[in-house]
Amino acid sequence: MSTPLHTLFDLTGRHALVTGGSRGLGLQMAEALAEAGASLVLTARKSTELEAAAARLRERGFIVDCHAADASDPQAIERLAAWALEKRGHIDILVNNAGAAWGAPAEDHPLDAWDKVLNLNVRSVFLLSQLIAKRSMIPRRSGRIVMIASIAGLGGNPKGHDTVAYNTSKAAVIGLTRTLAGEWGEFGITVNALAPGWFPSKMTRGTFDKLGLERLTAAAPLGRVGDDDDLKGAVVLFASDAGKHITGQVLAVDGGVSAILG
């Protein structure tokens with residue numbers, strides 16, 4: 001007999017670490033994992049936002065701990081991994097959501113801004129994945145890693161978008177996803193990426209203001225941008241036994257925008 005569907009999606013007893021979990025897409029995904037039964041360890045740079053998010057989730061009866069950390073600092077990532085593993089014993093699910101963007105034409109893009117985006121969006125993602133895999137998932141021969149890429153990593157920029165470092169970083173995240181999936185599959189670890197399209201957030205506010213909601217919705221076959229529910233099912237799929245035979249894949253959650261690129 002096959003496993004009942006509700007059991008496949010059940011995360012009861014599992015521990016999830018979500019970076020950039022204090023707001024926006026990170027908080028949406030953390031909420032989904034908690035609703036499916038997982039306990040949460042949330043991390044973000046600003047402790048006030050982090051504590052507010054944790055309090056909101058605890059009010060709903062979820063198990064949540066939080067640890068403020070600057071993910072661009074390798075030593076802070078080391079401390080985060082050690083703290084999370086001491087707090088929970090092991091980590092079953094890692095959601096690498098923390099990231100940054102910078103707007104500038106490629107010919108004028110500052111080098112320090114390039115380094116900031118690539119260090120946070122790629123280097124820190126690799127380092128935390130490496131630490132959690134080596135110290136928890138590989139010894140237990142089980143784990144789920146969910147990368148947050150972007151449809152910006154699937155192609156180039158239309159004129160006026162000016163996010164060369166961000167696009168490059170998200171393309172690198174997609175390459176990292178596939179590489180780690182290949183290397184760590186033997187340990188029972190799946191590694192997949194979500195590639196969101198346009199979602200309102202603090203990071204995308206400037207682009208929404210510049211391009212306008214009407215233009216962004218018109219570019220999507222579904223005629224809408226993402227909302228507070230649109231990543232929830234996808235992240236639970238990748239984090240749960242329902243996705244145990246899926247690895248190295250990139251799922252665009254974008255209203256169909258990537259289907260008509262080019």
Chemist: For a 4.5 angstrom cut-off between non-hydrogen side-chain atoms, does F126 reach Q130?
Modeler: yes
Chemist: Which pairs of donor and acceptor atoms, one on a side chain in residues 40-51, lie under 3.5 Å apart (sequence neighbours left out)?
Modeler:
unit_1: T43; atom_1: OG1; unit_2: H67; atom_2: O; d: 2.7
unit_1: E49; atom_1: OE1; unit_2: R23; atom_2: NE; d: 3.1

Chemist: Considering all heavy atoms of both residues, which atom of R88 and which atom of V64 are nearest to each other, and what is their separation?
Modeler: NH2-C, 4.2 Å
Chemist: Does anything in residues 174-193 form a salt bridge (charged side-chain N to carboxylate O under 4.0 Å, His left out)? List the pairs, not counting sequence neighbours.
Modeler: none
Chemist: Distance check, rounded to the nearest 0.5 Å: M137 atom CE versus S142 atom OG?
Modeler: 8.0 Å
Chemist: Would you call K232 and D227 a salt bridge, taking side-chain N to carboxylate O under 4.0 Å as the test?
Modeler: no
Chemist: Would you find a donor on one side and an acceptor on the other, under 3.5 Å apart, between the side chain of T247 and the backbone of V191?
Modeler: yes
Chemist: Using 30° and 60° as the class boundaries, would you call the ring planes of H109 and W114 parallel, tilted or perpendicular?
Modeler: perpendicular
Chemist: Give me the atom names and distance for the closest heavy-atom approach of V235 to A32.
Modeler: CG1-CB, 4.0 Å
Chemist: So how far is it from D65 CG to R58 CZ, rounded to the nearest 0.5 Å?
Modeler: 6.0 Å
Chemist: Should L17 and L176 be regarded as members of a common hydrophobic cluster, given that ILVMFWY residues are connected when their side-chain heavy atoms come within less than 4.5 Å of each other, either directly or indirectly?
Modeler: yes
Chemist: Can you name the one residue among S72, S150, S169 that meets side-chain hydrogen bond (donor to acceptor under 3.5 Å, both in side chains) with N121?
Modeler: S169
